Student: 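My questions all concern the structure below.
Every number for a ligand or one of its atoms is a count from 1 in the order of the listing. A quick note: this is a predicted structure, and the numbers were derived from the prediction, not measured.
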Amino acid sequence: MAPSTLHPLPFAHWGLGLGRPLVIAGPCSAESREQVLDTAREIRERAPQVRAFRAGAWKPRTRPGGFEGAGDPALEWLKEAKAQTGLLTITEVATPAHVEACLKAGVDMLWIGARTTPNPFSVQAIADALRGTDIPVFVKNPVNPDLPLWMGALERLSDAGLTRVAAIHRGFHWFERTPYRNNPMWEIPVRLKAAFPELEVIGDPSHIAGDPALLAPVAQQALDLNYSGLMIETHRAPAQAKSDARQQITPADLARLLGRLEWRRASAGPALRDELQEHRDLIDRLDEEILQKLGARMEISGRIGLFKLAHNIAILQPERWRRIMEGAHAFGQVQGLAPHFIQALMDAIHDESIRRQTEVWEQGRMGAGIQVSSGNGSGTGHNGPDLS
Ligand code: PEP
Ligand code: MN
């Protein structure tokens, strides 16, 4: 990877009176003048830690027909919210026309959304529209877990002369079941930070969690990893929200959440201890992901067990397992893993997989509805689990 050319300014040098942690709150979408003003006022009253008010004026919807944002009038409501509360304003831009409208309306800061970051043409068009302005811009991670795309978007802004750039971690689309709406994959923002040490990264636990119940642990994790702040979707009446209704919280709940989080002091303890803690937190997250993947793998083993039972195929297929082990050794060694470790790990996985499949067979035999055929009626003609 090419050496970093990104030298973003820290929040403290953005000239906006910002420091760490930076807390941004506000609704997913600006829906009406009243909704924007009520929410901003209530945030101001209840959560003094909040420095900036967010609201989307143009909403990227997965399918047409949903609420696509109020558009340009929303920028006027943001301006009013700022005048009434003193909160800085921030909104999402996806096109040069959005940029132009925001600059004209005096929006303080912008963010590039997770569906725009992965498109280099869009990001370049936005960067070109921003050339010569130096308005602060946050770049959300791309929806797909692709670190270079995230880096590339930040570099395009930096190459256009912007110095007030930062990143927002909002999690990644994932095809396996996870407890989250968007899989956090903490190692990706950690690697981003390793590539660009000066970059401020804030967390967006709302879009990671997708559910207020998960908000606190995700927000705490971000703070434990030394993030520079948080962006939390907050709506005066979440159940009535026109987008992301499930994940938004009220200003009162926001205040409670912010009060409960443990904030790291920027200079807490010796730097060494902080670094150790960051690594430990990351290891904890990776262990969780390993277990999640093992869970998914064993679920599939169980399904294969059912299939073998239905077709009267032996559980143990030595040739198949020999090929799996060959592949695991080749792949594992590329990952820097020792052969004895690969062997022990894969043996443990194999044992558990056989146990699962045997369990499925036993349940099937006990009359869970699957008829075990006898004789050579189907499959390979093997009969029953062959564990020898
Ligand atoms: C949002 O912040 O409301 C939004 C659309 O986020 P993302 O781009 O992360 O999906
Ligand atoms: Mn949203």
Side-chain angles (χ1 to χ4, degrees), residues 22-31 35-36 39-40 43 50 52-64 66-71 74-75 77-78 88-95 98-99 102 107 109-119 122-123 126 136-146 149-150 153-154 157 166-174 180-185 188-189 192 201-212 214-215 218-219 222 227 229-250 254:
L22 169 63
V23 184
I24 302 173
C28 179
S29 310
E31 299 166 5
Q35 173 251 9
V36 166
T39 307
I43 288 173
V50 175
F53 181 75
R54 64 150 282 156
W58 303 278
K59 297 309 295 179
R61 304 314 297 263
T62 304
R63 300 184 65 190
F67 175 65
E68 300 202 323
L75 304 181
W77 307 335
L78 285 180
L88 297 169
T89 54
I90 176 165
T91 198
E92 173 175 350
V93 290
T95 67
H98 295 166
V99 169
C102 289
V107 177
M109 305 188 283
L110 308 174
W111 85 77
I112 294 179
R115 289 162 194 77
T116 307
T117 307
N119 185 336
S122 298
V123 174
I126 292 169
V137 184
F138 289 78
V139 180
K140 287 209 179 195
N141 66 255
V143 278
N144 50 326
D146 188 330
L149 272 177
W150 199 3
L154 289 155
L157 296 176
I168 301 176
H169 172 216
R170 53 78 78 197
F172 302 88
H173 276 179
W174 203 244
Y180 310 100
R181 176 180 177 195
N182 289 293
N183 195 356
M185 304 188 78
I188 295 184
L192 177 74
V201 180
I202 70 169
D204 173 350
S206 301
H207 287 88
I208 292 175
D211 180 339
L214 272 180
L215 211 45
V218 173
Y227 278 33
L230 298 172
M231 179 191 250
I232 298 177
E233 283 193 340
T234 310
H235 191 290
R236 64 172 177 178
Q240 272 115 55
K242 293 185 176 171
S243 61
D244 285 350
R246 264 200 68 210
Q247 73 193 28
Q248 302 197 63
I249 57 173
T250 61
L254 173 72

Student: Examine distances only and state if a side-chain atom of Thr234 and a backbone atom of Ile232 form a donor-acceptor pair shorter than 3.5 Å.
Tutor: yes
Student: Quick check: does any side chain N or O of Asn141 sit under 3.5 Å from a backbone N or O of Gly171, one acting as donor and the other as acceptor?
Tutor: yes
Student: Taking distance alone, with no angle check, do Cys28 and ligand 1 share an N/O pair under 3.5 Å?
Tutor: no
Student: Between Gln240, Lys242, His235, which is the residue that forms a side chain to side chain donor-acceptor pair (under 3.5 Å) with Glu31?
Tutor: His235
Student: What protein heavy atom is closest to atom 8 (O) of ligand 1, reported as residue, atom name and distance in Å?
Tutor: Ala114 N, 2.8 Å
Student: Glu233: which N/O/S atom is nearest the Mn ion (ligand 2)?
Tutor: OE2
Student: Determine, for Arg54 against Glu92, whether the closest basic-nitrogen to carboxylate-oxygen distance falls under 4.0 angstrom.
Tutor: no
Student: Polar-atom distance check: Glu92 versus ligand 1, any N or O pair below 3.5 Å?
Tutor: no
Student: Return the option from His207, Arg170, Arg54 holding the heavy atom at the smallest distance from atom 10 (O) of ligand 1.
Tutor: Arg170
Student: Look only at interatomic distance and state if Glu233 has a nitrogen or oxygen under 3.5 Å from any nitrogen or oxygen of ligand 1.
Tutor: yes
Student: Assess Met231 for proximity to ligand 1: is some non-hydrogen atom of it under 4.0 Å away?
Tutor: no
Student: For Arg61, I'd like to know if atom CZ has over 12 heavy atoms of other residues, nucleotides or ligands within 6.0 Å.
Tutor: yes
